[in-house]
Amino acid sequence: MRILVCVKYVPVLSALRFDPETRRLVRDGVRGELSGFDVRALLGALALKSTYGGKVVALTMGPPSAREGLVHCLALGADQALHLIDPGLAGSDTLATSRALAAAIRHEAPDLVMMGRASVDAETGQVGPQVAELLDWPQATVVRRVSLDLTDRTFDAERETDEGFELVTGPIPAVLTAAEDLAEERFPSKADRLAAAEKPITELGLADVGLQPSDVGTEGSPTWVAGIEEVRIERRAEAITGDSPEAIAHALHDRLTALGAFDASAVARQPLAIRGPATGPPLWVVVEAHDGKLRAVTLELLAKAAELAGPLGADVEAVVIGPGAEHAAVLAAGGADRVLVADAPGLEPYTTDAHAAVLAEAIRTRAPRLVLLGSTVRGRDLAPRVAARLGLGLTGDAVDLDLDGEGRVRQLKPAFGGAIIAPILSRTRPEMATVRPGMLHPALPDASRRAELLMLDVPEVPVRVRVVDVQPIGGEAEDAFETATLVLGVGKGIGGPTALPAIRDLAGRLGAALAATREVTDAGWMPRQYQVGLTGRAIAPRLYVGLGVSGAMEHMVGLRRAGIIVAINKSPKSPVLKVADLGIVADLNDILPHLEMALRP
């Protein structure tokens, strides 16, 4: 059993700074580290080796400094390390990177490939599915448990979804991407690090893996970065005080009112953009639904597509894969001129093979100008596979889209923990992007609109990875994150899981969503689907109230687009008080009974 683990050596995000004169991130003197999800993939691979035997090989692509990441892999227990290094690789986007990694993987012929669900610097989640597509291997993304049957050459995996967990099974070789729960974090000893530094690392160039310079680098990349902008969000860091918990709650309510936190008009839906007759190819929104209900991100994307459609002279088409024709009226009211439905046995439940085949064939046949998907677990699983199949540029996890002076679609992509925003442009058509839920606003629905309903052909595709079981967590965490204007954040400072029922009750009475820090989900107090931050979700509520949250950078980067942040912590030295708009130094047990009054309009 030969397991190859792809790892990425990234700069420590908290140490990066932006130079406004050169408009570049300053990396000089910034130490590097392995991307956290990739470490979990490596540790998961080592656990499989312990159970089934074999060899674990670490592979990285990057400049000479990336060698340090491979030394760390060897110190953790990898048997071999490969460094794909060549000047021609500079400037590679995700597809060019995937092309290089796939070539190196073919050269090594492993039984299984593992990597993190996403890198913590770029956060796209694209490389795993794109490598799988280029190898024509099955994939399972966001895997938290995995076992193998070496006789039948199959894997069984439990993967995270936005609704809970799925149990899937499929053949090997395959590509698996690791969730945070795949393996418990550990660090090598000093002796292991010293021994690893003496071990050989094999270097591979483009010629060694059968690639030409034109396959990778800038020339082989369908997307490019048009520039970068620093994201600077100044928080007020005001203290809210009072003689009693009740007085503090009154003072908080008065200050929130003055700041417009309860002003619903600030995010009121706007009417659909008015547009003339279509003269060019359509703009597509790939519909996502769960339990017969449209995801909020679908309506957000329809509103954005309608906004872009006017200047582009395009119609807006909603693409439904699987059951969902009954959503046509809602899709039309939300901005769709046409609803394209591909429905056949085998499309429900979702599988990558079937949905990728349908979407890729529809794109080939109908040639849209732009294809948008939500940056959900499903969207991040599907879009990269389709983009790699068609050789298209894809921007993952965008927060907005607009047009430049030449009428090109700019996909605004955050990176490095949200410290920068990079406008991404594509050399290929259609342009493709996944967009974070909650970053855009749906339009005011127009019930008078009607959409033409068209049926798409469904190709016959053998499904390699089958869904065996579905385990929902309940609570509709995804919809709450997408739609809630008020979010209560739970940190370890609440004291323990016994404090959660009262917080849940408060959230229910206020119509608020719940979020969690990584420490809370690591401790098992709340499911991973509620985690906000660098290795979780990014959210943009009008008001976020942190309860016992420490203010660690890893959590706060997921709140960069939040409107107003309130922090409640009993320690006057807590870092969160400096990165929040309003801070309260108080025992949560004392203030919690009065919070409902403080947070109601």
Side-chain angles (χ1 to χ4, degrees), residues 1-12 27-39 41-43 45-46 49 54-116 119-122 126-128 130-132 134-135 137 173 175 188 192-221:
M1 185 68 186
R2 185 175 173 85
I3 305 173
L4 189 147
V5 183
C6 298
V7 299
K8 187 175 183 181
Y9 194 64
V10 300
V12 175
R27 304 191 190 206
D28 295 343
V30 176
R31 66 184 180 88
E33 62 183 1
L34 283 180
S35 183
F37 286 122
D38 292 342
V39 174
L42 177 69
L43 295 173
L46 291 170
K49 172 192 168 183
K55 178 180 286 190
V56 173
V57 180
L59 166 67
T60 197
M61 166 183 152
S65 60
R67 181 184 179 91
E68 292 301 315
L70 291 175
V71 172
H72 188 82
C73 292
L74 291 169
L76 283 171
D79 299 288
Q80 184 182 352
L82 306 174
H83 190 176
L84 185 57
I85 179 170
D86 194 292
L89 293 167
S92 295
D93 72 355
T94 57
L95 184 55
T97 296
S98 300
R99 195 175 289 132
L101 291 174
I105 291 165
R106 286 192 201 94
H107 182 266
E108 294 299 315
D111 300 287
L112 191 67
V113 169
M114 300 177 69
M115 64 184 76
S119 63
V120 297
D121 56 345
Q126 292 173 204
V127 171
Q130 289 185 329
V131 166
L134 295 170
L135 293 171
W137 287 5
V175 174
D192 288 335
R193 292 196 302 270
L194 291 174
E198 301 300 318
K199 293 181 179 179
I201 293 175
T202 302
E203 292 189 351
L204 299 171
L206 292 179
D208 296 316
V209 296
L211 289 176
Q212 300 297 319
S214 59
D215 295 325
V216 294
T218 303
E219 190 175 352
S221 298

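Remember, predicted model here, so these are calculated numbers, not experimental data. Atoms considered below: every heavy atom in the structure, side chains included; atoms not considered: hydrogens, waters and symmetry mates.
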Closest contact, heavy atoms only, Leu34 versus Cys73: CD1-SG, 3.6 Å
Any idea which heavy atoms bring Lys49 and Gly77 closest together, and the distance? NZ-O, 4.2 Å
Just by distance, do the side chain of His83 and the backbone of Pro63 share a donor-acceptor pair under 3.5 Å? yes
Hey, does Leu59 have a side-chain heavy atom less than 4.5 Å from the side chain of Val113? no
Ignoring hydrogens and geometry, is there a side-chain-to-backbone donor-acceptor pair from Asp121 to Val10 under 3.5 Å? no
Are the side chains of Leu4 and Cys6 in touch, meaning some heavy atoms are under 4.5 Å apart? yes
For the student: nearest non-hydrogen atoms of Ile201 and Leu74, plus distance: CG1-CD1, 4.1 Å
Interatomic distance, CE@Met1 vs CG@Leu112, rounded to 0.5 Å, equals 4.5 Å
Quick one: does Asp79's side chain have a donor or acceptor within less than 3.5 Å of a partner on Val57's backbone? no
Which atom of Ala96 lies closest to which atom of Ser221, heavy atoms considered: CB-OG, 3.5 Å
One should read off an interatomic distance between Thr60 OG1 and Met115 CE, to the nearest 0.5 angstrom, of 11.0 Å
Drop me the distance from Leu135's CG to Ser98's OG, to the nearest 0.5 angstrom. 9.5 Å
Smallest separation among heavy atoms of His107 and Asp208, with atom names: CD2-O, 3.3 Å
Could you tell me which residues satisfy salt bridge (Lys or Arg N to Asp or Glu O under 4.0 Å) with Asp215, sequence neighbours excluded, listed by chain and number? none
Just by modelled atom types, is the Gly220 backbone N or O under 3.5 Å from a matching donor or acceptor in the Arg99 side chain? yes
Just so I know, are the side chains of Leu134 and Arg106 near enough to count as touching, which here means a heavy-atom distance under 4.5 Å? yes
Applying salt bridge (Lys or Arg N to Asp or Glu O under 4.0 Å) to Glu108 and not counting sequence neighbours gives Arg2
Roughly how far, to the nearest 0.5 Å, is CG of Leu206 from CG of Leu84? 6.5 Å
Here the pair of heavy atoms bringing Ala100 nearest to Leu89 is CB-CD2, 3.8 Å
Quick check for you: to the nearest 0.5 Å, what is the distance between Tyr9 atom OH and Arg31 atom CZ? 8.5 Å
Would you say that Asp38 contacts Val5 through its side chain, given a criterion of any heavy-atom pair below 4.5 Å between the two side chains? no
Measure the spacing between NZ of Lys199 and CG of Leu70 and express it to the nearest 0.5 Å. 12.5 Å
